[in-house]
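These notes are about the structure you will find just below.
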Amino acid sequence: MSFRKFINEANEAIKFGLKRLDIQNESYSLSEPAKENFGDLSCNVAFLLAKRLQKSPSEIASILAEQCNHYFDTLVTKSQSYVLSVVAHESGYINFKGDFGLIGKEIISDILKNQLNLDTGKRTKVIIEHTSVNPNKALHVGHLRNVVIGDTLYRILKKTNHDVTVLNYVDDSGLQVADILVGFLFLRFPVEPSDKKTKFDQYCGNAIYVKVNELYEKDPSLIEKRKSLLRKLESGDTEIVSFASEITSKVLKDQLRTCWRMKVRYDLLNFESHIIRSNLWAKTFEKMRKEKIILKESEGENIGCWVFNSIEEGTKIIVRSDGTATYMAKDIPYALLKVGTIEDPFKYRVFIKQWDSTDLWITTSDESKNGDHPIFFPAEYSVTVIDNRQSRLQKIIKEILSKFESKPNKYLHLSYGPVLLSSRTATSLGINTDYQKSTQMSGRKGIYVDADFVLDTLYGKAKDETMKRNPEINGNDLDRTSEEIAISAMRYSLIKNDLEKEIKFDLNDSLSLDGNSGPYLQYAYARCCRLIEKANEKTFDGDVKYLSEKIEERILKHLSKFEMTIDNTTKNLEPKLVAQYVYELATLFNLFYEILPILKESNPNTSKARITLVEAIRQIMRINLSLIGITPLERM
RNA sequence: GGGCCCAUAGUUCAGUUUGGAUAGAAUGGCUGCCUGCGGAGCAGUUGGUCGAGGGUUCAAAUCCCUCUGGACCCGCCA
């Protein structure tokens, strides 16, 4: 926590100074100044005191700075101070300069000895639910945002020693599944796509789902057929259920292929049909009724319905007058299960082995399968990754949960803005944009950009670039490298921005491998690797005191902020902070590489120190890249 | 109608939580830098009434109010 120690010490110095001037209860902020030549930390307290003391900020700053300096006399050994100087600026700021000789020495040592302190989780059990795409279509770029946010969060929480379980909820008995069943059973779509190379999820989504929805308008009798299929699905009609299960699991496996390609993994799949059969809903309903969380309306427009009266959101129907549960109601038992309000009724078996050789589990009704399995439920807190259109429902679920539990905030909704198509991209897909700036995607209407298609296109582009630079590269390395570059471009572009902002997806722009992009980060890492390889060092024991150039100090400072950045990321659930951190590190490194000789430096002490610095950068970069799911490449 | 989110350079975005010093990147345009540690790089240049108006403050992109423009949610659909 090197940089934080520096902040703490500066804070102590300010407090000390204020005390000596007999000033109490003054709040202030200690922040990084806009420009580096003002120092490393600035305090605004003099501005705040101006009125109270009837003096100018400038005057107060200089008096206070002098008192602050006495703080360092109280330290046992001044050489252990992280603060190099405290000076009052005429503007009124008190500026602190850090001792990056000392801070740098500590952070480099921590990095190289693998002694970074990232354990903020202390084995806290966390459940993350993400992806949860209906199993009737292939993933589009909008789904990928969800997948990548969820997986990045998983990686960060895992690294900070949280005990993380990743769930993927599969709605295998809903309307959207009934839609493709209509296609197969009534419109006679073949059970296999005519072109064997077509992925089954794409076949269902692109050919059948869209077509069926078009036909509903021309032939309303199909809607009746869908309704009857849905009833059979819910009532457990053996023939239909088993056919549906065959279809959805084929789609699901293809969806998982796309997710795995993105280096995403899960622990458990929860099928809606299993939850229905498990009796969880019945228990939940009973409980809500008993505790008077929901009430039966005896008059008015909702007569005969069981409703929840939300304080802020008004009346919400939970059970219809015909006794069936609404869409939202089905999420309640799942939420209760996650936070431990109801007991886990499931038995488990391994569904499939994943790309990282971990097991992906599913629930099962097979009585014999209840041997050793990980403990999935419950968690200390649960994070559900769903886009912001679901905010209202998530809020109501959270409110219902709070009726069961006195402890708040165990159930979190990680909200994000949807991915829209830029008008250029929409037009290129033949969609009439009506001169709008961007277009909502819709699986049902066929308005979307397929995830695999984008990855394939990126892959092709990365391959061209890689071949240009490495004419001698062999086929396997070329394929692997190109794929990793494609994934890094995709993943980075989906998390580098603020979660709440919509992403306007433009196919052309997303194909860029330059600038603030995933491949830029990988390139910086590869450069580090080549330097280390050529340096042929084993020990990395260069002395930080030879790193006195401005750029070197900036790098040491940035490295020292790593633990703090990760801490903020987990506290605020903001994956972009990691992306921004590693981008800045890559930028600083590229600059360093450009302006200073490393291997060619004539002073051996300086050269050794620089090589050590490169190694530290490389380590931090490697950790950060893996946190955001980008594979560090030694060559590209 | 109620709720929620957004608006910063031609474009895509940081910065807003916690007010502070000359508002930063990337991309596009223009221009330099490879017999040199890898040019997927670096540097320079171009480009801003921070949607508008008002308020609070010594100080507002940031806080408050009003307005405008855009998106989304508000069903006994999922």
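Here is how names work: the chains are called A, B, and so on, in the same order as the sequence lines, proteins then strands, and each is numbered from 1. These numbers come from the heavy atoms of this one structure, side chains and all, not from hydrogens, waters or symmetry mates. Computed from a predicted structure; not experimentally measured.
- Residue A:S91 is classed as a base contact, given a heavy-atom separation below 4.0 Å to a base.
- For A:Y520, counting side-chain heavy atoms from C-beta on, the closest listed nucleotide (B:C37, B:G41, B:A14) is B:G41.
- With distances taken from any side-chain atom of A:K504 to the nucleotides B:C13, B:A26, B:G41, the minimum falls on B:C13.
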Anything under 3.5 Å between a protein N or O and an N or O of nucleotides 6-9 of chain B, put it in a table, one pair a line.
from: B:A7; atom 1: OP1; to: A:K501; atom 2: NZ; distance (Å): 3.2

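- To the nearest angstrom, P of B:G41 lies 10 Å from CD of A:E465.
- Nucleotides B:A9 and B:A52 place their P atoms 10 Å apart, quoted to the nearest Å.
- In this model, the phosphate group of B:C72 is approached by a side-chain N or O of A:Q440 to a distance below 4.0 Å at OP1 or OP2.
- Within 6.0 Å of CD in A:E500 there are more than 12 heavy atoms belonging to other residues, nucleotides or ligands.
- Residue A:R424 places no side-chain N or O under 4.0 Å from the OP1 or OP2 atom of B:U11.
- Residue contacts for A:I595: at a heavy-atom cut-off of 4.0 Å it reaches no nucleic acid atom on any strand shown.
- In the set B:G38, B:A21, B:C37, B:A21 carries the atom at the smallest distance from any side-chain atom of A:S42.
- Remark: the A:R530 side chain and the B:G38 base include a donor-acceptor N/O pair separated by less than 3.5 Å.
- Both A:F47 and A:M636 lie near RNA chain B, and the one whose nearest nucleotide falls closer to the 5' end is A:F47.
- In B:C5 the O4'-C1'-N dihedral to the base is more than 90° from 0, which defines an anti nucleotide.
- At a threshold of 4.0 angstrom between heavy atoms, the contacts of A:Y583 are confined to the sugar-phosphate backbone, with no base atom among them.
- A:D509 comes within 4.0 angstrom of nothing in the nucleic acid, heavy atoms only.
- Taking atom CD of A:E312 as the reference point, atom C1' of B:G2 lies 12 Å away to the nearest angstrom.
- The cationic atom of A:R145 (NZ for Lys, CZ for Arg) does not lie both less than 6.0 Å from the six-membered ring centre of A:Y416 and within 45° of the ring axis.
- Note: CG (A:N568) to P (B:U17) measures 15 Å, nearest angstrom.
- Using a 4.0 Å cut-off between charged nitrogen and carboxylate oxygen, A:R424 and A:D509 count as a salt-bridge pair.
- For A:K51 and B:C58, the shortest distance from a side-chain N or O to OP1 or OP2 is below 4.0 Å.
- Regarding A:L591, its CG atom lies at a distance of 8 Å from the P atom of B:C42, rounded to whole Å.
- Nucleic acid contact for A:N95: base, since at least one base atom lies under 4.0 Å from a heavy atom of the residue.
- Computed from coordinates, the A:K576 NZ to B:U17 P distance equals 12 Å when rounded to whole Å.
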Canonical and wobble pairing (Watson-Crick, G-U, under 3.5 Å) of RNA chain B, dot-bracket with |: (((.(((..((((......[...))))((((((.......))))))....(((((..]....)))))))).)))....
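- Among the heavy atoms of the strands, none lies under 4.0 Å from A:I611.
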Acceptor/donor pairs from residues 582-593 of chain A side chains to any protein atom, 3.5 angstrom cut, sequence neighbours excluded:
from: A:T587; atom 1: OG1; to: A:Y520; atom 2: OH; distance (Å): 3.4
from: A:T587; atom 1: OG1; to: A:Y583; atom 2: O; distance (Å): 2.9
from: A:N590; atom 1: OD1; to: A:R527; atom 2: NH1; distance (Å): 2.7
from: A:N590; atom 1: ND2; to: A:Y520; atom 2: OH; distance (Å): 3.1
from: A:N590; atom 1: ND2; to: A:A586; atom 2: O; distance (Å): 3.4

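- Residue pairs satisfying the side-chain hydrogen bond (donor to acceptor under 3.5 Å, both in side chains) criterion with at least one member in residues 31-44 of chain A, sequence neighbours excluded, are listed as follows: A:S29-A:N44, A:E32-A:K561, A:E36-A:R554, A:D40-A:K557, A:S42-A:N95.
- Nearest nucleotide to the A:A34 side chain, out of B:A21, B:C37, B:A71: B:A21.
- Both A:K600 and A:H89 lie close to RNA chain B; mapped to their nearest nucleotides by heavy-atom distance, the more 5′-ward contact belongs to A:H89.
- Using the six-membered ring where Trp is involved, A:H274 and A:F271 have ring planes that are tilted, between 30° and 60° apart.
- At a threshold of 4.0 Å, the pair A:E399-A:K316 does not count as salt-bridged, since none of the basic side-chain nitrogens sits closer than that to a carboxylate oxygen.
- The side chain of A:K35 contributes an N or O atom lying less than 4.0 Å from OP1 or OP2 of B:G24.
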Under 4.0 Å protein heavy-atom contacts per nucleotide of nucleotides 73-78 of chain B, with B for base, S for backbone only and - for none: SS-BSB
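- At a threshold of 4.0 angstrom between heavy atoms, the contacts of A:P418 with the nucleic acid are absent.
- Contact annotation for A:P33: base contact, defined as any heavy-atom pair under 4.0 Å involving a base atom.
- Ion pairing between a basic and an acidic side chain is recognised when a charged N comes within 4.0 Å of a carboxylate O; A:R480 and A:E483 show no such pairing.
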Atom pairs and distances, side-chain donor-acceptor, residues 386-395 of chain A, under 3.5 Å, sequence neighbours left out:
from: A:D387; atom 1: OD1; to: A:R389; atom 2: N; distance (Å): 2.8
from: A:D387; atom 1: OD1; to: A:R389; atom 2: NE; distance (Å): 3.2
from: A:D387; atom 1: OD2; to: A:R389; atom 2: NE; distance (Å): 3.4
from: A:D387; atom 1: OD2; to: A:R389; atom 2: NH2; distance (Å): 2.8
from: A:R389; atom 1: NH1; to: A:Q440; atom 2: OE1; distance (Å): 3.1
from: A:Q390; atom 1: NE2; to: A:Y327; atom 2: OH; distance (Å): 3.4
from: A:S391; atom 1: OG; to: A:N388; atom 2: O; distance (Å): 2.9
from: A:R392; atom 1: NH1; to: A:E313; atom 2: OE1; distance (Å): 2.5
from: A:R392; atom 1: NH2; to: A:E313; atom 2: O; distance (Å): 3.4
from: A:Q394; atom 1: OE1; to: A:Y411; atom 2: OH; distance (Å): 3.2
from: A:K395; atom 1: NZ; to: A:E312; atom 2: OE1; distance (Å): 2.9
from: A:K395; atom 1: NZ; to: A:E313; atom 2: OE2; distance (Å): 3.2

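- When heavy atoms are screened at a 4.0 angstrom cut-off, A:T466 is found touching base atoms of the nucleic acid.
- In this structure, OH of A:Y416 is placed 18 Å from P of B:C5, rounded to the nearest angstrom.
- Taking 4.0 angstrom as the limit, A:K496 places none of its side-chain polar atoms (N or O) nearer than this to OP1 or OP2 of B:A25.
- Heavy atoms of A:I598 sit under 4.0 angstrom from at least one base atom.
- Rounded to whole angstrom, the span from the OH atom of A:Y593 across to the P atom of B:C33 amounts to 19 Å.
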